[in-house]
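Down below is the structure, laid out as structure tokens.
Values below: every heavy atom of this structure, side chains too, minus hydrogens, waters and symmetry copies.
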Amino acid sequence: MPELPEVETVVRGLSAVLPGREIVAVEVLHKPSVEGSPKKPNCLRGQRVLSVTRRGKFIRVSLASGLGMAVHLRMTGWLGVVPVKEPNALNDAYVRVRFKLDGGAEQLIFRDIRTFGRVWCGPVDGLDKLKSLAKLGPEPLEISDDEFATRLRSHGSRLKALLLNQEFIVGIGNIYADEALFGAALHPLSVSSKISVAKARELHRSIQSVLRSAIEAGGSSIENFRNVKGESGWFQRELLAYGREGEACSRCKGVIQRIVMGQRGTWFCPRCQKKK
DNA sequence: CGAGTCCTGTGT
DNA sequence: ACACAGGACTCG
């Protein structure tokens, strides 16, 4: 579920509370949620958190002694800090891993309804070599319009498929792909090699604009997404295409249409997003 | 490329 | 009962 803005929201939230804290105990409640070497994240016990960073949709927690963990929330994962004693709506049967923190009053929990999410534990440099993490493409908020345009036009894929491909560019998922294409008035099925340089640059600006606005809004909470305190984001109210089938286009007299591509719902305005 | 897979929940 | 859900891998 979470894309770059949601993951960034989680990383910022954790960065405010985790660095300096020590993990005093790790409890794995659902074994498949944890991967990597060593498979038992008990190696993280007694380690102080140095930093929490984001790479694409991965969250990396660096600990003292060169150890750390990488977390991918996939569709329904959640990382947050909750009290050990008081009841909390997000501290329920879907908690897959618990990290008790020093002081004994709080714990970091990894909650995941559908169990697609993963936690990898081990040496930090080993985590960076994780197959999917090592192959990631550039960060959309860091590369230039020109660099993006060149990369885009060198592929012959449909635009939406390319935006969802984490080796092409990281962090964009189903919501922000549709929103970015809508913003640049590009058809999701247009072939990337046929896009003009000017239009490709415009798409990159649209991507950056929607990602930045969504980060400002604390992400989009359609169903499950919550920040580390359990609060919703509000960017779902700003969405112009995603999930708006049958509604009036906000730019022209068209009506938002839903199609399926690559098993994913895809929303766009067939009137102002013409195929190239 | 598309289709199937991993899961559990929600809405029609 | 069936479609669908912020992801990503593997298979033809």
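A side-chain contact (heavy atoms from CB on, under 4.5 Å) with Phe168(A) is found for one member of Ile172(A), Asn165(A), Leu164(A) and no other, namely Asn165(A).
For the pair Phe268(A) and Leu181(A), the minimum side-chain heavy-atom distance is 4.5 Å or more.
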Exercise for the section: Fill in the dot-bracket string of DNA chain C, one character per base: . for unpaired, | for a pair to another strand, ( ) or [ ] for pairs within the strand, taking Watson-Crick or G-U pairs under 3.5 Å. Expected result: |||||.||||||
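Sorted by residue number, the members of residues 149-182 of chain A with any non-hydrogen atom under 4.0 Å from DNA chain B read Ser157(A), Arg158(A).
In this structure, Trp120(A) atom CH2 and dA8(C) atom C1' are separated by 10 Å, rounded to whole Å. Atom C1' of nucleotide dG7(C) and atom NE2 of His72(A) are separated by 6 Å, given to the nearest angstrom. If you measure from atom NZ of Lys135(A) to atom P of dA8(C), you get 12 Å, rounded to the nearest angstrom. Distance Leu73(A) CG to dA8(C) P: 10 Å, rounded to the nearest Å. Separating the CD atom of Glu223(A) from the C1' atom of dT8(B) is a distance of 11 Å, rounded to the nearest angstrom. Across the protein-nucleic acid pair, Leu130(A) atom CG and dC9(C) atom C1' stand 14 Å apart, rounded to whole Å. Remark: P of dG7(C) and CD of Gln263(A) are 14 Å apart, rounded to the nearest angstrom. Here dA3(C) presents its P atom at 15 Å from CD of Glu245(A), a figure rounded to the nearest Å.
To the nearest 0.5 Å, atom CE of residue Met69(A) and atom CZ of residue Phe110(A) are 10.0 Å apart. Of the inter-residue distances, the one linking Leu159(A) atom CG with Ser192(A) atom OG reads 6.0 Å to the nearest 0.5 angstrom. To the nearest 0.5 Å, the span separating CD1 on Ile222(A) from CD on Glu6(A) amounts to 8.5 Å. To the nearest 0.5 Å, the span separating CD on Gln208(A) from OG on Ser213(A) amounts to 11.0 Å.
Between the Ser209(A) side chain and the Arg205(A) main chain, no donor and acceptor come within less than 3.5 Å of each other.
Remark: Glu106(A) does not engage Lys100(A) in a salt bridge, criterion side-chain N to carboxylate O under 4.0 Å. The existence of a salt bridge linking Arg12(A) and Glu8(A) is confirmed by a sub-4.0 Å separation between a basic side-chain nitrogen and an acidic carboxylate oxygen.
Ser132(A) comes within 4.0 angstrom of the backbone, heavy atoms only, and of no base. Looking at heavy-atom distances under 4.0 Å, Glu3(A) makes contact with sugar-phosphate atoms alone, never a base. Residue contacts shown for Thr115(A) are limited to sugar-phosphate atoms, with no base heavy atom under 4.0 Å away. Using a 4.0 Å heavy-atom distance criterion, Asn224(A) is classed as a base contact. Residue contacts shown for Ile113(A) are limited to sugar-phosphate atoms, with no base heavy atom under 4.0 Å away.
Along DNA chain B, the nucleotide nearest to Arg114(A) and the one nearest to Met261(A) differ in position, and the one closer to the 5' end is contacted by Met261(A).
Remark: Arg251(A) qualifies as a cation-pi partner of Phe182(A) under the 6.0 Å distance and 45° angle criteria applied to the six-membered ring. With Trp267(A) as the aromatic partner, Arg244(A) does not meet the cation-pi criteria of under 6.0 angstrom to the ring centre and within 45 degrees of the ring axis.
In this structure, of dC4(C), dG4(B), dC9(C), it is dC4(C) that holds the atom nearest to the side chain of Arg258(A).
The side chain of Arg74(A) places no N or O atom within less than 4.0 Å of a non-bridging phosphate oxygen (OP1 or OP2) of dC6(B).
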Heteroatom pairs (N/O) under 3.5 angstrom, protein to nucleotides 10-12 of chain C:
from    : atom 1 : to        : atom 2 : distance (Å)
dT10(C) : OP1    : Lys131(A) : NZ     : 3.1

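Applying the 5.5 angstrom centroid cut-off and the 30 degree plane-angle cut-off, the aromatic ring of Phe116(A) is not stacked upon the base of dA8(C).
A donor-acceptor pair shorter than 3.5 Å can be found between the side chains of Gln47(A) and Ser65(A). When only modelled atom types and interatomic distance are considered, Asp112(A) and Thr76(A) share a side-chain donor-acceptor pair under 3.5 Å.
For the C1' atoms, the distance linking dA5(C) with dC1(B) amounts to 23 Å, nearest Å.
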